[in-house]
Every structure is written in C-alpha cells, then in structure tokens.
Protein chains: 2
Amino acid sequence: MYDSVKGFRDFYPEEMQARRWAMDTLEDVAQRYGFREIGTPAVEPTEMYVDKSGEEIVEELYSFEDKGGREVALTPELTPTVARMFVAKQQELSKPIKWVSTRPFWRYEEPQQGRFREFYQTNVDIFGSAEPTADAEILAVAVDMLTDLGLTAEDFEIRVSHRDILSGVLESFGADVDVPEAIRAVDKRAKVDHDDYLDALVEAGLNYGQADKFDEMLQIDAQEIETLADLTGSEDVRAATDNLQAVLDAAEDFGVRDHLTVSLTTARGLDYYTGVVFECFDSTGEVSRSVFGGGRYDDLIEGFGGQPTPAVGFAPGHATLQLLCQRAGVWPAEELSTDYYVLQVGDTRPTAARIARDLRERGHVVESDVADRSFGAQMGYADGINAETVVIVGEQDLENDEVTLKEMDDGEQISVPLSEFPGDHDRPTFEDFAE
Amino acid sequence: MYDSVKGFRDFYPEEMQARRWAMDTLEDVAQRYGFREIGTPAVEPTEMYVDKSGEEIVEELYSFEDKGGREVALTPELTPTVARMFVAKQQELSKPIKWVSTRPFWRYEEPQQGRFREFYQTNVDIFGSAEPTADAEILAVAVDMLTDLGLTAEDFEIRVSHRDILSGVLESFGADVDVPEAIRAVDKRAKVDHDDYLDALVEAGLNYGQADKFDEMLQIDAQEIETLADLTGSEDVRAATDNLQAVLDAAEDFGVRDHLTVSLTTARGLDYYTGVVFECFDSTGEVSRSVFGGGRYDDLIEGFGGQPTPAVGFAPGHATLQLLCQRAGVWPAEELSTDYYVLQVGDTRPTAARIARDLRERGHVVESDVADRSFGAQMGYADGINAETVVIVGEQDLENDEVTLKEMDDGEQISVPLSEFPGDHDRPTFEDFAE
C-alpha cells in the first residue's frame, strides 16, 4: 500500500462533484464575458521564474533537471506562462486578449488550512487594454463568480486599492523611500503588530512621523481619496485617484459597485502590480486569509520581451474559495447524484440495456447492474448512489410487457407498459404515469 | 522571450475550444453511464511505478528528488494512482466503483506525430466486477464516445481479444513457453517482419512449427474461436473463449456489437492485462497507430496491497483521438464562437453594460468594448471573434430609445426599442423584430 505525496490530495467522487461545480461556475462566468479557455503546460523553464521573482523563488519551486539536462519547474503560477504565450504570438493576436483557464499549480510550501503543495486556480486575464473599463470588467467577473456560487454582499467584500496612489504618496515623503519595500510592509499590515508595521515602514525609508502620517492617509474615507492629491501635492497621485474613480464608475455601470470597498491598506504583496489592485475577503472574518486577489500589471509583458502591453487579471484559488463557500453555507452536499438506476431481476439484460440506453440518450445519468447482483444488493447500491428513480425490469413484469417505476424519495411505484417507457417523456417519473 | 519546454504544448483559444469539445464529449458519455469524476495528483512516489513496471521505467519518467528528499515522479499514467486510491478506501467504497477523469500525464519520450511529453487522457475504470457485463459496459462507453464525436462504423473498428485465450493456447504447446514474452511478440506482430515475429516467438520458447501453428490459430474466424478449446484440449482456453463470447453477447445487448471485431492478434503490450483486451483502430489505416486500448486487469489491485479486486478499463489519449477525428472530418473548425458583441458608440457604457449583463444572464457569450475603441475597430474585433449578432448602442439611437441589431452573417439590421431588448427573448436576433 502506497501513500500519496505530502501536500498532494486525492479527490474522491463526492468531493470532486462539489469541486467540479465550483470550477464550472467560475469558468461559465468568465466564458459568458468572452474569456477564452487556453491550455498550458505543467512544466516551464526554471529561469522564467527566477528572472521574474529572483533566485530565492527556487526554494518554493518543484524544480529539477530533466533527462535532457534542462532546468525545469512545475508551474507555481500561470502569469509567466500566459506572458510567454502572449509574447510568442503578439503580432497575430488581435487585442484585447481575454484568456481563462482552471488547472493545478505546485509550490513547495508547508501545507496548512486551505493551502496545499498542489492547488487549483482559475486564472482570468485581459491583455492589451489600459482602460478603466478593463479593470472594471475583471472586478465584475470576480463579483459574478462569487454571486453565481450563491454568495451575497453579506458574505464577501472586495477591497480595492491602487498601487500608484500608494507609491505616489510614499514618494511625496522624499526620494529615499524604497517604494516596493514599503508596499510589502502595507501588504503585511493586518498580519503583524502595529509597531512592527511602523518599523517596517521606517526600514523602507520613512521616519516615524511620516510612517504615522502615511498610515493615516491609507485609512482615508473612500469619498476623501481625491483630497490625497492636494495633501501630497503630487500629480501622480491625482492621476491615480482619477484612475481609481474611473474604475469605480465603470464598475457602477457593470452593476457590481456595491460589492467594492475602497481600502488603501490593501496592497498585494507581489512587486509586479502597477495600478488597481484588489483582494476579496470573507465579510465575517472567519476565513481570515484573503480569498483571492488581482490587479493591473502593465509592465510584465515588456519584462518578458514583448511589446509594452497593459494587462489586468486575477486568479481565485479553489481551496480558499471552498472555505468561504462552506462558511457561508453554499457549498453543495458532497454526495453522488444519479437520475436512474435500471434494476435487473432475472435474465432481463436486453430490455434493461435498451431502457438504460434510451434514458442516457435523453442526457440522464443512468446506472445498471454490471456485477450480477441480487435484487436487494442492487436496491442498496441504487440507494448508495442516490438514484432518484429506479426502473425495475423483472422477468414477470416483462411477461406482461411492463416495467415498474419506483421513486426513491417517497417509495411511490407504478407499473408502466414497456412500450410507453420512456416514450415521449424527457424525464419520466411516477407522476407521468399515475392517474 | 522564453521558449516552452520541448514536448510541451501551448493551446491557444481556437485549438483549445475544439479540444474542450472532445474532452467534454468523452466525459459526458462516461458520466451518463454513471462513471464519477475523481481528482488525482500530478506527482506520486517514484517507487509506485518502479514496483509496477521495473527499474527501467525510470528512464521514461519525469522523476526527481523533491526538496524534502522524497523520490517523486510526474504521473506517466493513471492506473497506479487509481489503484492506490482504491486500496486506501477499499473497505468503505461500495462496489462496483466506476471512475472517470481527464487530465495530463508526462513521459520523457521522443516527441513524434500524435505523441508528446505532456499528453492528455480520459481514464475510465470499473473496479469490483468480474462479470462480462462490466467488460461490455467499458466497450459500450468506448463506442459511444467515438460515435458522440461524430465517428461512424466506417471510421473505426474496435478489435477485441482475450489474454487467457492467448496464454492458454501458448501453454498448450508446453510448459517452457515464456507467455508474457510471447504475448509481447504478438503485440508487435503488425509492426515487424513476419520472420522477426516468428523468431520472437521462438525466443519465447516455441519451435518454428509451433510458432506457425500458433499464428494460424490467432487468425481463426470469430465464429470458429470456440473450436480452439478442442484444438488445444485446454479447459483454460474453453473458459476464456466462453468469457469472450459472454462479453460479446452483453455488447450485443448494449447495442455496440457491430463495432467490435474479434482479433486474437490484438494483444496489448502491457503485462498486467488478464482477460478481455481491445484496441481501437482507424478503419482506413491512415492513423497507423492504435487510437487507444484497454482491457481487464484483475491482479493489479492485489499487487498494490489491496483485496483481490477485478477491474476493467481504458484510457483514450486525446492527441491520437484528434488525429482520427481530423482524418474522418469530424474535428470542429478551430475558431472562436461568440453570441453577441455589444458595440458602444459614444458615451453609452451604462446602457451597453446593462444589455450585455441581460444577455449574459440568459447564458450567452457576450463581449463589449473594454479598450475604448472606434466603431470600426469594434466591428473588426466583433468579426474577429465571430460574433453572430452585434448590438449597436449609439448615442443617437439612444436619444430615440432604440438600439440597432445587426446579424453578422448576412448584414441584416434593424432598430429595436430599447425597452424591448432583450425583453422576453431568450436569444433575440433580427428575425424576432423584423415584420
């Protein structure tokens, strides 16, 4: 007997069915918005990640030398891959490009609640538009995904921020500030002691007075954000607050503004974001981590050797999303569902097989006996797979050219002429034949 | 600019849409038969493959030591994983178990037509039934998958054989025959010179006379197969021919017998098969390799430390299946499809966004401008994504409370009152509003 590898999970059918529902829900939303599915490799050159994130990323990678001497890694995220694919065909692709995909990724990290070494994400990206409408469409897709999962405004909030506001305000304190480091400090703000947070800002080049003032500015009311330009005297900040406002206006048009909260303390840890950034949180705080996040990354494609190309996207992870759905009570029951079980009593396989085939042609999930079991064993199995309707095909019934239809929820059953089953009925049940 | 790793492919949306159609078609068939989706890891302990296939398998694996010192491999096939999962829960799982999944696998092999280092398979397996009905259900699923892809009896044939007939006949020649080696020779029969094939049989312990006689027996007519028991005087052969006949009888009940050809020269290379085996071939021979194969493997679960558990399954690979579909002319056009493009002229985003939302709620694929483009650029884009209907939301039209509906195939267009669009129509087109 073998064990699976630590941090890797097996999904048996009951759980998989619920997960598939969640994945399909997210994919369906993206596809209705015109995002197109792409297929991407599980293995990429390691240098792609080192170039983007530095040599220390290798510690977190499943990286190895393949049998041809190539340094390769299991993909820890999709962004470098889509950037590579975009650059490879940037001339022929008509912009904007809207791509979606759902698949596993791999990181060598310590497993914890909602975090595994193999994890699934749905990546959604737009390439080739710098317009606020593109940012807003990404936010609308995110909101629609959550509401299609059954979540409401009371379950989640999406906190929206803007990298250029943060960096503009930071730069207004003086040229010596290490902006990326300060932004990483903001990203960790909620997770560390306030004093440690201020220390980190000082580490990044502010003095303590400036750190306090900066933190005060981050907590400004959404309505007051436009005052930051005057407070700092920075035209960069003005352009950024205008851009944020334009994104919010577009989100209003898209019908999702109510789900968004402006929150400048939301920063996103990754360096490559350039404009609007956002994170989704459980409104109750029970799921304490950010559920997912995303934002604009206008410089990445150029960094991958492509023409300068604005981009915006996000990537909900399915493990955290599942925690939120479970907390909110919208995660489906993890149980099998089956439309029909066609039960054979005696040597009735030709008729049972014909009936099963007819029902399958109508699109139903239909099982029948493949193990030569008794009536009782078949009924037990039908119950175990939550069959809604059992069609009993018995030798005696067949002598009368009949079959018996039995509803498993209430036990109602009725004899039906064989020639009328399934007949014209799309989903024949007891009701269709009872008088 | 980076290159992808050799043998790994990127799928852009046009090709991916066709591939997704094929994957969904296969999954849908399996699910209608009550096969349940499972989710499985990309990485497993290397020893699982070495124990099953011997140390030489490592040459073909993407295997490496992870950062915790574990010897792991990218999964080259699913069977060991499903065996591991079955054994882990064999007590609680109610038999028979019917599992399906579609996902990539990885082998370090030289890429060639229809063969890549990353390749996709749909695995379909039944555990816990030794009955011929189970073998026949697997064959029925295989046939239904192919016909649902649009293939007909003229496009493919499924050649059915039986390991126990082959081994029983071989054993009837004497106890010294190396049965697995002889079966591997049969598996290569069509790919090598006839003399080399006979040499390989002799290598396995037959003399040349026996090799000739054995090969003659393999080519016996389907109707005559039952004579093999008398010819060899072997009760094992009689049991096996009876079993094969029972599987064919069940396939007749399932409505798929016509697609099956009995062909004892079909052997399947892998050692672990134990009963019925089969391979699907292109009837025209244009796709020269076997499209896919499968069969019964009753000993594997016990070999993985489980209770003795009969099993039968198959795993169509999507690359070869695509070659067959393309050869037969049923592979879909690799192009995007879009129901609506909502075109904005002037500052009409609030109305355009409302219309797009209404259409998406009806389940349609709807794009709208996210890049502030001109009328002409939007029309060009709508054409590029093969939008069927364009809804033009113009400032002037809106002053008259109207939008314009334009069908892209014939250019027909009509003004529609804003209040009636989309109205009660599920899929509103020109026709719905023309008098």
Side-chain angles (χ1 to χ4, degrees), chain A residues 1-2 4-5 8-13 16-17 19-20 31-32 34 36-45 48 62 64 66-67 70 72 84-85 87 89 94 96 104 108 118 126 128-129 131 133-134 137 253-255 305 336 338 349-350 353 357 360 364-367 370-372 381 384, chain B residues 1-2 4-5 8-13 16-17 19-20 31-34 36-45 48 62 64 66-67 70 72 84-85 87 94 96 104 108 118 126 128-129 131 133-134 137 253-255 305 336 338 349-350 353 357 360 364-367 370-372 381 384:
Chain A
M1 188 161 154
Y2 300 91
S4 56
V5 177
F8 289 76
R9 291 169 296 165
D10 299 325
F11 299 104
Y12 288 83
M16 191 65 211
Q17 184 164 302
R19 287 169 52 83
R20 178 57 60 198
Q31 293 192 5
R32 289 202 301 275
R36 315 292 172 165
E37 190 185 8
I38 54 166
T40 54
V43 171
E44 293 275 14
M48 227 165 74
Y62 279 91
F64 59 100
D66 83 0
K67 299 210 157 52
R70 301 171 191 84
V72 298
R84 177 181 62 67
M85 284 175 64
V87 171
K89 296 215 179 185
S94 84
Y108 193 78
E118 179 172 66
I126 301 177
S129 173
E131 292 299 316
T133 320
E137 183 164 278
D253 288 347
F254 288 168
L336 303 183
T338 307
R349 193 178 63 201
R357 197 162 187 85
R360 284 181 189 127
H364 303 304
V365 174
V366 184
E367 286 207 51
V370 292
D372 202 18
Y381 181 84
Chain B
M1 188 162 155
Y2 301 91
S4 56
V5 178
F8 288 76
R9 291 169 296 165
D10 299 324
F11 299 105
Y12 288 83
M16 191 65 211
Q17 183 164 304
R19 287 168 53 83
R20 178 58 60 199
Q31 293 193 3
R32 289 202 301 275
Y33 275 85
R36 317 291 173 166
E37 190 186 6
I38 55 167
T40 54
V43 171
E44 293 275 13
M48 227 165 75
Y62 279 91
F64 59 100
D66 83 359
K67 300 212 156 51
R70 300 171 190 84
V72 297
R84 178 181 61 68
M85 285 175 64
V87 171
S94 85
Y108 193 79
E118 178 172 66
I126 301 177
S129 173
E131 292 298 316
T133 321
E137 183 164 278
D253 288 348
F254 288 167
L336 303 183
T338 307
R349 195 177 61 201
R357 199 164 185 83
R360 285 181 188 126
H364 303 305
V365 174
V366 184
E367 286 208 52
V370 292
D372 201 18
Y381 181 84

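Residue numbers begin at 1 in each chain, while the letters A, B, ... track the order of the sequences.
With a 4.5 angstrom heavy-atom cutoff, B:V72 touches chain A only via side-chain atoms. In this structure, chain A has a heavy atom under 4.5 Å from the side chain of B:E137, while its backbone stays farther away. Only the side chain of B:R357 comes within less than 4.5 Å of a heavy atom in chain A; its backbone stays farther off. The part of A:Y381 that comes within reach of chain B is its side chain, from C-beta onward, which places non-hydrogen atoms under 4.5 angstrom from that chain. Both the backbone and the side chain of A:P350 have a heavy atom closer than 4.5 Å to some heavy atom of chain B. With a 4.5 Å cut-off on non-hydrogen atoms, B:P96 touches chain A through its backbone and its side chain both. Proximity to chain A is limited to the backbone of B:T40, based on heavy atoms less than 4.5 angstrom apart.
Annotation: salt bridge (Lys or Arg N to Asp or Glu O under 4.0 Å) contacts of B:R349 (sequence neighbours excluded): A:D253. Partners of A:E37 under the side-chain hydrogen bond (donor to acceptor under 3.5 Å, both in side chains) rule, at least two apart in sequence or in another chain, are B:R20.
Across all their heavy atoms, A:D66 and B:Y108 have their closest contact at OD2-CE1, 3.9 Å. Between B:M85 and A:Y12 the shortest heavy-atom distance is O-OH, 2.6 Å. For the pair A:V5 and B:R70, the tightest heavy-atom approach, listed with the atom from each and the gap, is CG1-CD, 4.0 Å.
With chain B as partner, the option from A:E131, A:E118, A:R36 having the largest number of non-hydrogen pairs under 4.5 angstrom is A:R36. With chain B as the partner, the residue from A:P45, A:S4, A:G384 showing the most heavy-atom pairs under 4.5 Å is A:S4. Considering only heavy-atom pairs separated by less than 4.5 Å from chain A, the leading option among B:V43, B:V87, B:I126 is B:V43. For chain B, the option among A:M48, A:R19, A:E44 with the highest count of heavy-atom pairs below 4.5 Å is A:M48. Per-residue counts of heavy-atom pairs under 4.5 Å with chain B were compared for A:S129, A:P13, A:G305; the largest is that of A:P13. Ranked by heavy-atom pairs under 4.5 Å with chain B, the list A:G39, A:A371, A:G34 is led by A:G39. If you tally non-hydrogen atom pairs under 4.5 Å between each of A:F64, A:Y62, A:F254 and chain B, the highest count goes to A:F64.
Atom CZ of A:R84 sits about 4.0 Å away from atom CG of B:D10, to the nearest 0.5 Å. Here the NE2 atom belonging to A:H364 is positioned 13.0 Å from the OG1 atom belonging to A:T338, to the nearest 0.5 angstrom.
Using a 4.5 Å cut-off on side-chain heavy atoms (C-beta onward), A:F11 and B:I38 make no contact.
Looking only at distances, a side-chain donor or acceptor of B:R360 sits under 3.5 Å from a matching main-chain atom of A:R32.
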